Amino acid sequence: MDMFRKRCKQLGLACTHQRLIIYRALASSASHPTPEAIYDQVRHEIPSISLATVYKNIKTFTEAGLLREVSVLHDSLRLDANLGNHHHLVCTRCKAVIDIPEEKLDPIRLRGKLPDGFVADRFLVEILGLCAACAKGRTN
Ligand SMILES: [Zn+2]
Ligand SMILES: [Zn+2]
């Protein structure tokens with residue numbers, strides 16, 4: 001949380017109690033939660049908070065680079081407070097998103113230029129499949 005306070009200061013972002021609680025909920029979750037799941041968690045500590053407020057703060061965090069959206073192509077927004085380089089294992093059945101360290105894959109290199117003058121920023125690999133629980137045939 002000291003990192004969060006420091007980053008807020010650097011970014012000129014007010015480090016309010018509300019933001020601390022929301023960020024803590026995000027940072028303590030490795031399951032790439034939806035904004036709704038964060039709202040459910042934060043509500044225990046701040047009963048008066050609204051889903052709109054949670055959305056607004058998540059947007060602020062994302063714009064400030066404190067948070068990443070897992071993929072713009074997923075049906076629902078999934079959030080990632082892990083800013084280290086990593087890729088994702090995505091369960092196509094239960095939609096679990098599991099971090100996999102970059103070292104688990106061979107480095108990705110481009111062969112020549114990308115089409116249409118596209119400039120690559122970073123690589124994110126999504127490996128689709130079934131998580132252990134779904135592979136065992138459980139519904140969850
Ligand atoms: Zn699964
Ligand atoms: Zn992740």
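Counting starts at 1 for both ligands and their atoms, in listed order. Here the structure is a predicted model, which means the values were calculated and not measured.
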Under the side-chain contact (heavy atoms from CB on, under 4.5 Å) rule, what do Arg78 and Thr34 come out as? Steps first, then yes or no, please. CA-CA 5 Å; Arg78 300 287 290 265; Thr34 61; 3.6 Å; yes
Run the side-chain contact (heavy atoms from CB on, under 4.5 Å) test on Met3 and Tyr23 for me, step by step, so that the C-alpha distance in whole Å, both residues' side-chain angles and the decisive distance to 0.1 Å come before the verdict. CA-CA 11 Å; Met3 182 281 262; Tyr23 185 78; 3.6 Å; yes
Worked check of side chain to side chain donor-acceptor pair (under 3.5 Å) between His32 and Asp99: CA-CA 9 Å; His32 306 81; Asp99 287 341; 2.7 Å; yes
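Looking only at N/O/S atoms, Asp80 comes nearest to the Zn ion (ligand 2) through OD2. Within Asp99, the N, O or S atom lying nearest to the Zn ion (ligand 2) carries the name OD1.
For Ser28 (side chain) and Ala25 (main-chain N/O), a donor-acceptor pair under 3.5 Å exists by modelled atom type.
Expressed to the nearest 10°, the angle at the Zn ion (ligand 1) joining SG in Cys94 with SG in Cys134 is 110°. With the Zn ion (ligand 1) as the vertex, SG (Cys91) and SG (Cys131) define an angle of 120°, rounded to 10°.
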